[in-house]
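Worth saying up front: this structure is predicted, and the values here are computed from it rather than measured. The figures here come from the full heavy-atom set of this structure, side chains too, leaving out hydrogens, waters and symmetry mates. Numbered from 1 within each chain, the chains take letters A, B, ... in sequence-line order.
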Amino acid sequence: DVKVTQSSRYLVKRTGEKVFLECVQDMDHENMFWYRQDPGLGLRLIYFSYDVKMKEKGDIPEGYSVSREKKERFSLILESASTNQTSMYLCATRRTQVAFFGQGTRLTVV
Amino acid sequence: AQSVTQLDSHVSVSEGTPVLLRCNYSSSYSPSLFWYVQHPNKGLQLLLKYTSAATLVKGINGFEAEFKKSETSFHLTKPSAHMSDAAEYFCVVSDREGFQKLVFGTGTRLLVSP
């Protein structure tokens, strides 16, 4: 079974802090994704990566950046956290067309 | 550009009755379509997928969906709801060309009462 592990289930951060969300996969997949999930909006793509050191903006990249130094690890960075970034963040990998998701990180910015 | 519309934000059924969750899609190319389920405090799990083979697709836990090109629909059904089906369901579309980005609907919360 594919395993996608997000480092934290719950995080509380202060406005203006730099926040790192980590995601690790164990199946050697090239493609990795970060989504945020908000009630009534479904999942929206923030950034994705199709190879080490490669990254592409998704639909809502503003206020975020990413890092992919190793194939198995994809990090989402909130440069200066704001309250409107309070959300559930989901990491995913993909093999052919099927996506595999982590458990999610519920981030609260106060 | 692709998009999906889930027509109901909430659906309530009684245990043992049929389930219908509706999804319409828009795609410039021949799409691949998926249904994912998210149980409370859990990650998303693939229920089923359509990728151009049979139009009636069977998934896990007794769910199935039918691809209807003429209606641009991919509705999810189950003959008899179980309490454990209570969850949020997402319809997802992906083009089969290019990078094949996944586009999610806004979700339908299924409530199952005894």
Discussion item. Taking side chain as everything from C-beta outward and backbone as N, CA, C, O, which of these in A:Glu56 sits under 4.5 Å from a heavy atom of chain B? Side chain, backbone, both or neither.
Written reply: neither

Donor-acceptor pairs under 3.5 Å, side chain of residues 106-114 of chain B to any protein atom, not counting sequence neighbours: which ones?
{"from": "B:Thr108", "atom 1": "OG1", "to": "B:Gln6", "atom 2": "NE2", "distance (Å)": "3.2"}
{"from": "B:Thr108", "atom 1": "OG1", "to": "B:Asp8", "atom 2": "O", "distance (Å)": "2.6"}
{"from": "B:Arg109", "atom 1": "NH2", "to": "B:Glu88", "atom 2": "OE1", "distance (Å)": "3.0"}
{"from": "B:Ser113", "atom 1": "OG", "to": "B:Val13", "atom 2": "O", "distance (Å)": "3.3"}

Discussion item. Counting only non-hydrogen atoms closer than 4.5 Å, does A:Leu90 touch chain B with its backbone (N, CA, C, O), its side chain (CB onward), both, or neither?
Written reply: side chain

Worksheet item: At a heavy-atom separation under 4.5 Å, does A:Arg44 approach chain B through its side chain, its backbone, both, or neither?
Response: neither

Worksheet item: Once you round to the nearest 0.5 Å, how far does NE2 of A:His29 lie from CD of A:Glu72?
Response: 13.0 Å

Discussion item. At a 4.5 Å cut-off on heavy atoms, which part of A:Asp59 comes close to chain B: side chain, backbone, both, or neither?
Written reply: side chain

Worksheet entry | Sequence-distant partners of B:Tyr89, ring pair (Phe, Tyr, Trp, His ring centres under 6.0 Å), two or more places apart | B:Phe63

Worksheet item: What parts of residues 33-40 of chain B touch chain A if we use heavy atoms and a cut-off under 4.5 Å?
Response: B:Phe34, B:Tyr36, B:Gln38

Discussion item. Under the salt bridge (Lys or Arg N to Asp or Glu O under 4.0 Å) definition, can you give me all pairs with a residue in residues 26-37 of chain B, not counting sequence neighbours?
Written reply: none

Practice prompt. Verify ring pair (Phe, Tyr, Trp, His ring centres under 6.0 Å) between A:Phe48 and A:Tyr35, making sure each step is shown before the conclusion.
Written response: CA-CA 9 Å; A:Phe48 61 95; A:Tyr35 293 88; 9.4 Å; no

Worksheet entry | Straight-line distance of B:Leu44 CG to A:Gln103 CD, nearest 0.5 Å | 10.0 Å

Fill in: Sidechain N-carboxylate O distance under 4.0 Å for A:Lys18, A:Glu79
yes

Item to complete: Just say parallel, tilted or perpendicular for the rings of B:Phe90 and B:Phe104, cut-offs at 30° and 60°.
Response: perpendicular

